[in-house]
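Small disclaimer: the values here were computed from a predicted structure and weren't measured.
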Amino acid sequence: GFPCMQRCRLTNSSPVPLTFQLRMSDDGTQPAVDSVDQIHRDTDPAWRKGIHFYVEPREFTMNPSQGTILPQGHQDIEVTLCSNTLMEFCRRMLVELEGIGKGLATLIITARCLVPELQVSPQVLLYDEYHLKVLYKRKLFIRNPSHLPGCYGLIPQKCKEDSAVVYSSPKPCGIVQPQSTAEIPVVVEVQALGTHGTNVV
């Protein structure tokens, strides 16, 4: 979900203008999900169930994907991968020329998508003494020891009428940069007397 961009260049060495169109082999059609967009939708079911695509995601974009190059001219192309699939990619960017043919030139693109392992601390939030219906604030810390950015989300609680402990967060989703730590504020309210516990995920 973190876009990564590389550049390449198309050069027209012919004496006439060429109109081109680019497409990526084996790419899907449903737009990929960007992590920056995802963290603004903290109630999205994808946080609980994962992202589901009805068709394969379109993870590569080219800008521009079409145009005309003047004789002896060139066009710089930005190729962006926003991967929603944990895999290694080996795709071909195909160049089609109007009135001439399809797949006349090919650029091989390789990439590997990785997911950093984020660490949560503390493992247990202790509340030794509390009062009913009073809001108590604590913090969770998300540590990212990797060299890649990570995206995290506190899954909304499924509250029931008999829920003894209710939790929420004013900032449930975010991005933790490489080699850094992010804070998640957690607000807890106890609904019944006794000793209680609940899982915050």
Would you say [X]'s side chain and [Y]'s backbone share a donor-acceptor pair under 3.5 angstrom?
X: Thr11; Y: Ser13; result: no
X: Ser169; Y: Val186; result: no
X: Asn12; Y: Gly73; result: no

Report the C-alpha distance between Thr80 and Asn63 in whole Å, list the side-chain angles of each, state the deciding distance to 0.1 Å, and finish with yes or no for side-chain contact (heavy atoms from CB on, under 4.5 Å). CA-CA 8 Å; Thr80 302; Asn63 183 36; over 6 Å; no
Please step through side-chain contact (heavy atoms from CB on, under 4.5 Å) for the pair Thr68 and Glu98, ending with a clear verdict. CA-CA 10 Å; Thr68 299; Glu98 184 178 278; over 6 Å; no
Do the non-hydrogen side-chain atoms of [X] and [Y] ever get within less than 4.5 Å of each other?
X: Phe2; Y: Ile175; value: yes
X: Pro64; Y: Ile77; value: yes
X: Met93; Y: Cys8; value: yes
X: Pro178; Y: Pro149; value: yes
X: Met24; Y: Ile109; value: yes
X: Glu59; Y: Cys82; value: no

Give, for atom CD of Gln66 and atom CZ of Phe20, the distance between the pair rounded to the nearest 0.5 Å. 8.0 Å
Show the nearest heavy-atom pair for residues Pro122 and Leu140, with the distance to one decimal. O-CD2, 4.0 Å
Hphob cluster co-occupancy, [X] + [Y], side-chain heavy atoms under 4.5 angstrom:
X: Leu104; Y: Leu10; result: yes
X: Leu81; Y: Leu94; result: no
X: Leu107; Y: Ile100; result: yes
X: Tyr152; Y: Val120; result: yes

Determine, step by step, whether Asp27 and Arg91 satisfy the side-chain contact (heavy atoms from CB on, under 4.5 Å) criterion, reporting the C-alpha distance in whole Å, the side-chain angles of both residues, the deciding distance to 0.1 Å, and the verdict. CA-CA 8 Å; Asp27 204 16; Arg91 301 284 172 84; 3.6 Å; yes
[X] [atom1]: over 12 foreign heavy atoms closer than 6.0 Å:
X: Gln72; atom1: CD; answer: yes
X: Gln119; atom1: CD; answer: yes
X: Gln179; atom1: CD; answer: yes

Given side-chain contact (heavy atoms from CB on, under 4.5 Å), test Val95 with Leu22 step by step and report yes or no. CA-CA 5 Å; Val95 181; Leu22 305 175; 3.7 Å; yes
